[in-house]
Amino acid sequence: MAIRSSQKLLQKFKKSLNTLATPITTDPSTNLVEKFDKLPVDINSKTEQILDLEDGEKLFSSVPTRSLLRSMMNQYMASYDPIVDIGVWVMKSKLVETMIIKNIILGIVKHTFYDHFCAGENLDEANQTLQKLWNVGLKGIMDYGLEDANDNASCDRNLNEFLKTVESTKLLPPFSVSYACVKITAICPISLLKRVSDLLRWEHKDPSFHLPWKIDTLPMLSDSSPFYHTLNRPDPLTPTEEHDLHQAHQRLLKLSEKCLEINLPLLVDAEYSSVQPAIDYLTYSTMIRINRNENPIVYGTIQAYLKDSKERLIQATETAEKMGITLGLKLVRGAYLSSESQVASSLGFASPVHESIQKTHASYDECASIMLQKVAKGTGAILIATHNIESGRAAATKAQELGIEKSNQKVQFAQLKGMADGLSFALKNAGFQVSKYLPYGPVEMVIPYLLRRAEENRGLLSASTMDRQLMRKEVIRRLKLESSNSERPS
């Protein structure tokens, strides 16, 4: 009976993945991240723009029709809540404890979501994906999909994998890899990051609170930052915790020094606000050691949907300038909208996230503008990571107004693999430096990560409606052209 039930569920899952020949309309109120990552855009607008997003033939000239159709199918799937719901439920159910069923499930997902949004199961496959991007004028950001670590042994293993990734870029075409990236949660136990964040928050509220282990860093908190995570005075770090923190810092330094050796910038990803102060502490203290020349190696991350993002960015840039540090930052909107609001609400506090889409867009664009001015001044560098057409257009226009050369490596744009390809090609065609984020790793390791992100943020894996419109328009144009050609007498 259990096997028969499992077979029915698998059939339902597989059927859901194959019912995507027609466009699917979802309720925008349930798709929070997609709302935060796009504004309505008229792709037929004739207003002269720095980015050409009307000419689908030019945008997708390097993409075969079959690949366009497959991309459309996968994007429709990722934007359809029932499919995400089933996928998340299946991956969390006891079905995956049965090897045969588990292999079937992973096989289905591998040939849909995984192939579309991930670069491969290993470094060789990821490098092949990167080579294909390089052939069409795009760069790649190597992202090995490691999960949170719980002890020093797993942290050390994860560090070795990150080092392998960095080392492998030597064998790839020069400049085809724009950045490597690292999650601090993979090289420092998350429980320790929470402890350190608590202590940093308390120190900000009470400057007399002494942290003997703290070294030089940039400001991590502002007066508008969320402090409700630390309602009571935390205990000092134990000798063991201090040792573990030192070890974590050494791991990040070792990775950063390897990146410095081959001149490959390193992106440090952002996380939940509960642990972000500790992540920024490790990032900025390493930045002070490494970013001593005009080309920054270590990049932190600012999440623009947080109310304190602009204030923290200004504090960090001003302090970095005084210290003679070139500040590198990746700018994102943020990926933990639901959980951030839920945690704040459960403790009786207002959400740390901006109340409206418009405020989030404004925050993102203001932060991008500030950093572009720092680039023009020679004291900063920015990776503008966005799927939002208007934000991409605004940043490109601002860079041009400031006289920043499009070949300047300190201003780059990025989108996830499989998302916002129209924007990626438009920016590339305009002459800007554009990369695709390339998460890679074994299916079993990476797919649960993607599904958790999908559950956390409805629409995180979905490409914008704009992108689907562009691809659909181009596919129709090609089919009509093919039909017209076939009807001509020979």
Side-chain angles (χ1 to χ4, degrees), residues 91-92 96-97 121-123 142-168 180-202 211-215 217 220 229-230 234-259 266-287 289-290 298 300-301 335-336 339 343 439-453 455-456:
M91 293 305 297
K92 286 187 171 184
V96 293
E97 295 177 5
E121 293 199 64
N122 52 53
L123 203 47
M142 304 300 281
D143 180 18
Y144 190 55
L146 294 169
E147 289 294 308
D148 297 345
N150 297 312
D151 52 43
N152 284 322
S154 56
C155 288
D156 289 337
R157 286 195 299 271
N158 291 344
L159 173 64
N160 288 332
E161 293 298 330
F162 286 129
L163 289 170
K164 288 179 186 177
T165 299
V166 171
E167 189 69 27
S168 74
C181 58
V182 62
K183 293 175 73 69
I184 297 295
T185 53
I187 59 173
C188 179
I190 195 165
S191 58
L192 180 57
L193 291 173
K194 290 178 179 177
R195 289 273 290 124
V196 172
S197 294
D198 281 338
L199 289 161
L200 291 170
R201 277 188 286 264
W202 199 266
L211 302 177
W213 43 264
K214 188 178 178 184
I215 58 178
T217 187
M220 300 145 289
H229 297 291
T230 312
D235 293 329
L237 293 182
T238 66
T240 299
E241 287 175 324
E242 285 196 31
H243 173 267
D244 289 349
L245 180 61
H246 176 74
Q247 290 295 102
H249 196 194
Q250 291 303 306
R251 292 185 192 101
L252 183 57
L253 273 172
K254 185 174 182 178
L255 181 60
S256 301
E257 287 167 352
K258 172 57 71 173
C259 289
L266 176 67
L267 303 174
V268 180
D269 286 343
E271 297 290 343
Y272 302 98
S273 63
S274 60
V275 297
Q276 192 59 42
I279 292 172
D280 286 340
Y281 166 72
L282 290 168
T283 303
Y284 290 151
S285 58
T286 302
M287 196 181 288
R289 294 271 295 272
I290 302 294
V298 181
T301 299
Y336 304 106
S339 61
V343 170
Y440 73 94
V443 180
E444 188 173 352
M445 178 179 76
V446 177
I447 289 301
Y449 166 79
L450 291 175
L451 288 175
R452 279 196 290 278
R453 297 290 77 78
E455 184 182 35
E456 174 69 32

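Basis for what follows: all heavy atoms, side chains included, without hydrogens, waters or symmetry-related copies. The model shown is predicted, which means the values in this text are computed figures rather than measured ones.
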Sub-4.5 Å side-chain heavy-atom contact between Cys155 and Gln247: no
Shortest non-hydrogen contact between Leu253 and Arg289, atoms and distance: CD1-NH1, 3.6 Å
Atom pair CG (Asn150) and CG (Leu192), whose distance is rounded to the nearest 0.5 Å: 12.0 Å
Distance (rounded to the nearest 0.5 Å) between Thr240 OG1 and Glu242 CD: 9.5 Å
Any donor-acceptor pair under 3.5 Å from Asn158 side chain to Ala186 backbone: yes
Nearest atoms (heavy-atom pairs only) where Leu252 meets Leu282: CD2-O, 3.5 Å
Point-to-point distance, once rounded to the nearest 0.5 Å, from CG of Leu237 to NE2 of His243: 13.5 Å
Heavy-atom check, side chain of Lys164 versus side chain of Glu161, under 4.5 Å: yes
Of all pairs that satisfy side-chain hydrogen bond (donor to acceptor under 3.5 Å, both in side chains), the ones with a partner from residues 186-195, not counting sequence neighbours: Arg195-Glu241
N/O donor-acceptor pair under 3.5 Å between Arg251 side chain and Leu159 backbone: no
Tyr281 and Ile215: CA distance, side-chain angles, deciding distance, side-chain contact (heavy atoms from CB on, under 4.5 Å) verdict: CA-CA 9 Å; Tyr281 166 72; Ile215 58 178; 3.3 Å; yes
Side-chain heavy-atom pair Met220, Thr283 within 4.5 angstrom cut-off: no
Flag for Thr301-Asp269: side-chain donor and acceptor within less than 3.5 Å: no
Separation between NE2 of His249 and CG of Asp244, rounded to the nearest 0.5 Å: 15.0 Å
Distance, nearest 0.5 Å, that separates SG of Cys259 from CD of Glu167: 10.5 Å
Side chains of Val196 and Leu211 in contact at under 4.5 Å (non-hydrogen atoms): no
Shortest non-hydrogen contact from Ser256 toward Ile290: CB-CG1, 3.9 Å
Verdict with supporting geometry, Lys258 and Phe162, side-chain contact (heavy atoms from CB on, under 4.5 Å): CA-CA 10 Å; Lys258 172 57 71 173; Phe162 286 129; over 6 Å; no
side-chain hydrogen bond (donor to acceptor under 3.5 Å, both in side chains) against Glu271, all qualifying residues, sequence neighbours excluded: Lys183, Tyr336
Side chain proximity check, Tyr440 to Thr165, heavy atoms < 4.5 angstrom: yes
Stepwise side-chain contact (heavy atoms from CB on, under 4.5 Å) check, Leu200 with Thr230: CA-CA 10 Å; Leu200 291 170; Thr230 312; over 6 Å; no
Pairwise distance CG(Asp156) to NZ(Lys254) - rounded to 0.5 angstrom: 8.5 Å
Whether Ser197 side chain and Ala278 backbone form a donor-acceptor pair below 3.5 Å: yes
Min side-chain heavy-atom separation Leu199-Trp213 under 4.5 Å: yes
Check: Tyr144 and Val182 side chains under 4.5 Å, non-hydrogen atoms: no
Pairwise side-chain contact, His229 with Pro277, heavy-atom cut-off 4.5 Å (strictly under): no
